[in-house]
Undergrad: 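Have a look at this one before I ask anything.
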There are 2 protein chains.
Amino acid sequence: MAISEAEAIIMEVLWRASPRSAEDILAEVGPQQGWQEGTVKSLLNRLLKKKAVKAERDGRRYLYAPRLPREQYVSQESKGLLDRLFGGRVAPLVAHFSEQRKLSKKDIAELRKLLQELDDEQP
Amino acid sequence: MAISEAEAIIMEVLWRASPRSAEDILAEVGPQQGWQEGTVKSLLNRLLKKKAVKAERDGRRYLYAPRLPREQYVSQESKGLLDRLFGGRVAPLVAHFSEQRKLSKKDIAELRKLLQELDDEQP
DNA sequence: CGACTTCGATTACGCGTGTAAACATTGAAT
DNA sequence: ATTCAATGTTTACACGCGTAATCGAAGTCG
């Protein structure tokens, strides 16, 4: 089953550092999202049920950690968007951002370097 | 309110060609999605409520057409993904696809051309 | 040992979604 | 006019989501 948007926010916290307690997660995400304890606990439980995180007992409480790697999640999401909106091809996506003037100088420089590297590795 | 996934499928049909009747839409999307009449009608009504499509009477029936431009939808969705997963920067997104070997030769060629054009227009 | 605190688990509830059946309306045919 | 067929409108229903309150178990302190 898919990871929802609110759940993904919890995942991001865990991907940044884990394992962590629920209290710890709440401290990081609660104020920012306006969530309270019960909300975070529920989300953690749903993520457990979805096997996206695992929990390891630590005395009275649990420490949570991702089971789903971020890379995999990013891949799924990105591929989904690419397929739905750009016929599965990357160039049109970049062209879209280019037209929207969403390419920073830094982006352009990095893209150039990336293409350069692709050249080098395939002689 | 956001356009849901099922709704987006209807929108794609309308973006390809419009205005079109519900029957017409059903013919194109029904078999492929396994949807039947009521489903398509419901989705159209929700899209109307969301102001994403408009309907113009044509005799006994309506002809539907997008009100939300595809370009705008694509922008929202793309920006959402970019912000959520890649810190809002395009280069990391492309790097991701590159690592996943999702860049076709054609993509690479087009990207190169795109960068070239960016060079040209900002002398 | 009994009350209090601390966690996690269970339950709740309104809302959107996917999917469709039932109902209503209206033009067409008899 | 009456009835039939075609369309759109309303209602339905289960399920996931966002958000929490409540329940329950398990240490902790007096």
Side-chain angles (χ1 to χ4, degrees), chain A residues 1-14 18-68 73 76-77 80 84, chain B residues 1-14 18-68 73 76-77 80 84:
Chain A
M1 194 164 310
I3 284 167
S4 79
E5 211 163 305
E7 287 160 1
I9 290 172
I10 300 286
M11 291 303 290
E12 287 291 353
V13 173
L14 290 177
S18 71
R20 328 176 65 169
S21 67
E23 183 188 21
D24 197 2
I25 296 167
L26 173 63
E28 184 165 329
V29 94
Q32 197 210 11
Q33 300 289 325
W35 285 346
Q36 64 218 76
E37 214 187 328
T39 303
V40 170
K41 299 277 183 69
S42 272
L43 291 171
L44 280 170
N45 269 317
R46 286 177 187 170
L47 286 168
L48 279 172
K49 208 160 290 170
K50 293 180 185 180
K51 311 266 193 206
V53 313
K54 61 189 166 189
E56 155 210 13
R57 182 142 237 149
D58 170 53
R60 64 168 90 261
R61 66 206 182 147
Y62 283 99
L63 298 181
Y64 300 88
R67 181 187 288 269
L68 172 72
Y73 174 74
Q76 286 169 202
E77 295 291 302
R84 279 188 301 117
Chain B
M1 195 166 307
I3 284 167
S4 80
E5 211 161 307
E7 287 161 0
I9 290 172
I10 301 286
M11 291 302 291
E12 288 290 352
V13 173
L14 290 177
S18 69
R20 331 177 61 171
S21 68
E23 183 187 22
D24 197 3
I25 296 168
L26 174 63
E28 183 166 330
V29 92
Q32 198 210 13
Q33 300 288 326
W35 286 345
Q36 64 218 74
E37 214 187 328
T39 304
V40 171
K41 302 274 184 70
S42 275
L43 291 171
L44 280 170
N45 269 318
R46 287 177 187 170
L47 286 168
L48 279 173
K49 207 160 289 170
K50 292 179 184 180
K51 312 265 196 209
V53 313
K54 62 188 166 190
E56 153 208 15
R57 183 143 236 148
D58 170 53
R60 63 166 95 263
R61 67 205 182 150
Y62 282 99
L63 297 182
Y64 300 88
R67 180 186 288 268
L68 172 73
Y73 175 73
Q76 286 170 202
E77 294 291 301
R84 279 188 302 116

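Here is how names work: the chains are called A, B, and so on, in the same order as the sequence lines, proteins then strands, and each is numbered from 1.
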Undergrad: CD/A/E7 to CG/A/N45 distance, rounded to the nearest 0.5 angstrom?
TA: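 Nearest 0.5 Å value for the CD-CG distance: 11.0 Å.
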Undergrad: Compute the angle between the rotation axes at the two ends of the helix from C/dC1-D/dG30 to C/dT30-D/dA1, each taken over five pairs, rounded to 10 degrees.
TA: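 Nearest ten degrees gives 30° for this helix.
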Undergrad: How far does CZ of A/R84 sit from CD of B/E5, to the nearest 0.5 angstrom?
TA: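 Rounded to the nearest 0.5 Å, the CZ-CD separation comes to 5.5 Å.
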Undergrad: Could you identify which residues of residues 2-12 of chain A place a heavy atom less than 4.0 Å from some atom of DNA chain C, listed by residue number, or say none?
TA: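 Per residue number, the list is empty: none.
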Undergrad: Using whole Å, report how far CG of B/L44 lies from C1' of C/dG18.
TA: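 About 14 Å, once rounded to whole Å.
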Undergrad: Among residues at least two apart in sequence or on other chains, which ones pass side-chain contact (heavy atoms from CB on, under 4.5 Å) with A/E23?
TA: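 Checked A/E23 against side-chain contact (heavy atoms from CB on, under 4.5 Å); matches are A/S21, A/R61.
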Undergrad: Between B/A52 and B/I3, what is the shortest heavy-atom contact and its length?
TA: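 So the minimum-distance heavy-atom pair works out to CB-CD1, 3.8 Å.
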Undergrad: What is the per-nucleotide protein-contact pattern of nucleotides 3-13 of chain C, from the 5' end, where B denotes a base atom under 4.0 Å from a protein heavy atom, S denotes such proximity for sugar-phosphate atoms only, and - denotes neither?
TA: ---SSBSB-B-
Undergrad: Does the side chain of A/L44 reach to within under 4.5 Å of the side chain of A/L48, using non-hydrogen atoms?
TA: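 Answer no - side chains too far apart.
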Undergrad: Examine distances only and state if a side-chain atom of B/R46 and a backbone atom of B/S4 form a donor-acceptor pair shorter than 3.5 Å.
TA: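 It does not hold such a pair.
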Undergrad: Using atom CD of B/Q36 as one end and atom C1' of D/dG8 as the other, report the distance to the nearest whole Å.
TA: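 To the nearest whole Å, that distance equals 17 Å.
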Undergrad: Please check if atom CD in B/Q33 has more than 12 non-hydrogen atoms from other residues, nucleotides or ligands closer than 6.0 Å.
TA: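 Counting neighbours around CD of B/Q33, more than 12 heavy atoms of other residues, nucleotides or ligands fall under 6.0 Å, so yes.
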Undergrad: What integer distance in Å separates B/W35:CH2 from C/dA21:P?
TA: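 Answer to the nearest Å: 16 Å.
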Undergrad: Applying side-chain contact (heavy atoms from CB on, under 4.5 Å), name anything that partners A/A65, two or more places apart in sequence or on another chain.
TA: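 A/A65 satisfies side-chain contact (heavy atoms from CB on, under 4.5 Å) with A/S18, A/P19, A/K54 only.
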Undergrad: Roughly how many Å is it from CG in B/L47 to C1' in C/dT17, rounded to a whole number?
TA: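 It works out to 12 Å between those atoms.
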Undergrad: May I ask you to evaluate whether A/T39 reaches the phosphate of D/dA20, defined as a side-chain N or O under 4.0 Å from OP1 or OP2?
TA: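 Answer is yes, contact under 4.0 Å.
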Undergrad: Please give, in whole Å, the distance from D/dT9 P to B/L43 CG?
TA: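 These atoms are roughly 14 Å apart.
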Undergrad: Determine which pairs satisfy salt bridge (Lys or Arg N to Asp or Glu O under 4.0 Å) with at least one residue from residues 32-45 of chain B, sequence neighbours left out, and list them in order.
TA: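 Qualifying pairs: B/E37-B/K41.
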Undergrad: To the closest 0.5 Å, what do you measure between CG (A/L43) and CD1 (A/I10)?
TA: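 CD1 of A/I10 is found 5.0 Å from CG of A/L43.
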Undergrad: Taking the side chain as C-beta and beyond, is there a heavy-atom pair between B/W35 and B/I9 under 4.5 Å?
TA: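 Side-chain contact under 4.5 Å: yes.
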